[in-house]
Participant: 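Take this structure first; my questions come after.
Residue numbers count from 1 along this sequence.
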Amino acid sequence: MNSRSPSSSGLLPLPFPGTPSSSWRFYRARLSAFMRDPNTSVLVAFWLFGLVNNILYVLLLTAAQDLVGPSIPKALVLLADVMPSFLTKLVAPYFIHLVPYSIRILVFVALSSGGMLLVALTPNTQSVGVKMVGVIIASISSGGGELSFLGLTHYYGVNSLAAWGSGTGAAGLVGAGLYVLMTDWLGMSVKNSLLVSALMPGVMLLSFFVILPRERIKQQTGTTGYEPLPGLDRDDSPESEREIDASAASAALLSEPGPSSVTAYHNNHPGDKSASFWVNLRRAKSLFWPYMLPLLLVYVAEYTINQGVAPTLLFPLEQSPFNEYRSFYPFYGFLYQLGVFISRSSTPWFRIHHLYFPSLLQVGNLVLLTLHALLNFIPSVYLVFVVIFWEGLLGGAVYVNTFAEIMDNVPVEDREFSLGATSVSDSGGICIAGFIGMAMEVWLCDWQVQRGRDYCRRVEVS
């Protein structure tokens with residue numbers, strides 16, 4: 001008979017109900033100890049980074065009809081929401097490393113909240129252009145935040161990247177759902193809903209200054225370049241680089257950088273005290289074919305679907321679960337975001353190493369849905385629901401696996417820059433899709449009306 005006590009067997013004793021140890025104080029203490037665990041704190045912080053950095057982007061797109069009215073293409077809000085982010089991610093990687101992360105966070109919060117306040121407080125009688133200025137300000141913050149937080153995963157390992165990806169996926173569901181909840185279910189005005197949203201960036205302050213274990217971040221005082229993590233002793237041969245196993249790489253990513261590694265790097269790289277523009281440009285060129293192009297392709301395809309094709313994927317109401325034609329588009333958006341959330345959270349269990357395959361499948365989705373908008377051959381809206389959900393799965397998978405592949409394959413001294421620089425592809429793809437979508441929606445709707453399917457003209461904004 002085994003007479004070992006629970007403590008000697010390695011098991012935690014469970015408190016009996018009614019005893020002092022079963023009190024709320026006991027469980028609160030255990031929860032507090034769990035949250036103080038550095039690994040838990042990293043996951044929570046990066047999940048919140050992904051959520052908050054992306055939620056305003058989604059919320060503004062959801063509110064597009066209310067911001068510009070039914071007569072102006074929704075793609076205008078998309079472009080105002082993406083172009084500044086794209087330009088920020090195109091330029092900032094070459095100098096943003098000079099700014100400490102703590103300062104960046106303060107700037108991002110100020111820009112995000114300020115932009116949302118400008119949008120919310122601009123009267124309907126004012127020009128739409130004023131609201132778009134607010135959208136642009138928030139977009140700059142989102143672009144800078146994305147490349148910064150992706151660069152920050154360099155110091156916290158692949159689990160932080162998975163948490164970031166899951167947070168960005170959740171932002172789609174939360175952002176779209178929250179706006180519908182506030183305006184439709186709670187009856188709040190558009191202005192008050194946007195004012196509430198302006199408070200959300202403050203969560204970044206909590207995540208960075210309270211939750212995140214910041215001792216893992218390098219001290220940037222006196223170091224201005226992108227530098228390697230300590231703990232990976234490797235020679236310069238490609239063979240040795242490939243021989244680093246995953247556990248060693250993960251341990252090195254989670255280790256705390258120290259002054260000795262910084263000094264050693266500069267001793268081995270004399271004259272490289274600051275990141276050279278031309279060196280970084282060569283780094284960016286090496287990223288284009290394996291990482292940037294497949295990410296660009298998938299975003300061009302999916303946002304052309306979302307902004308240019310989806311508004312015309314309408315069926316007779318009696319053949320659908322909806323009571324009005326305006327309900328199709330937001331539900332397509334919800335299904336897309338659901339797929340994105342699931343796939344962006346999948347890297348701990350499922351990895352995609354060949355990025356072009358899902359990117360080309362996404363292009364296939366664009367071709368399929370465009371042909372249906374023209375020829376009307378898909379018999380049921382429920383099949384379109386499946387395709388839209390599949391679209392979200394593919395888009396989220398390519399996004400998070402692109403950065404996971406960089407974490408695995410790019411040398412450590414180039415990794416932080418590479419994570420930030422590659423993020424330009426998603427914004428670039430969305431910008432291209434925005435211009436395509438503005439023309440495509442009008443063309444497809446006119447085509448359908450000329451052939452007796454005038455559903456796209458029956459959409460009434462509530």
Participant: Test of understanding: with ring pair (Phe, Tyr, Trp, His ring centres under 6.0 Å), list the residues that count as partners of Phe86, not counting sequence neighbours.
Facilitator: none
Participant: Taking side-chain contact (heavy atoms from CB on, under 4.5 Å) as the test, write out the residues that go with Ser286, two or more places apart.
Facilitator: none
Participant: Test of understanding: with salt bridge (Lys or Arg N to Asp or Glu O under 4.0 Å), list the residues that count as partners of Arg351, not counting sequence neighbours.
Facilitator: Glu405, Asp408
Participant: Can you sort out the partners of Tyr325 under side chain to side chain donor-acceptor pair (under 3.5 Å), two or more places apart, ordered by chain and number?
Facilitator: Arg458
Participant: Ser359: what forms a side chain to side chain donor-acceptor pair (under 3.5 Å) with it, not counting sequence neighbours?
Facilitator: none
Participant: Do any pairs count as a ring-ring contact (aromatic ring centres under 6.0 Å, His included) and have a residue in residues 423-454, sequence neighbours left out, and if so which ones?
Facilitator: none
Participant: In chain order, what residues pass the salt bridge (Lys or Arg N to Asp or Glu O under 4.0 Å) check against Asp81, with sequence neighbours excluded?
Facilitator: none
Participant: Listed by chain and number, what are the ring pair (Phe, Tyr, Trp, His ring centres under 6.0 Å) partners of Phe315, not counting sequence neighbours?
Facilitator: His372
Participant: For Leu118, enumerate each residue passing the side-chain contact (heavy atoms from CB on, under 4.5 Å) test, keeping only those at least two apart in sequence or located in another chain.
Facilitator: Thr122, Val130, Val133, Ile137
Participant: Please name all residues satisfying side chain to side chain donor-acceptor pair (under 3.5 Å) with Asp446, sequence neighbours left out, ordered by chain then number.
Facilitator: Arg457
Participant: Looking at residues at least two apart in the chain, or sitting in another chain, which of them share a disulfide bond (SG atoms under 2.5 Å apart) with Cys445?
Facilitator: Cys456
Participant: List the residues meeting side chain to side chain donor-acceptor pair (under 3.5 Å) with Asn54, not counting sequence neighbours, and say none if there are none.
Facilitator: none
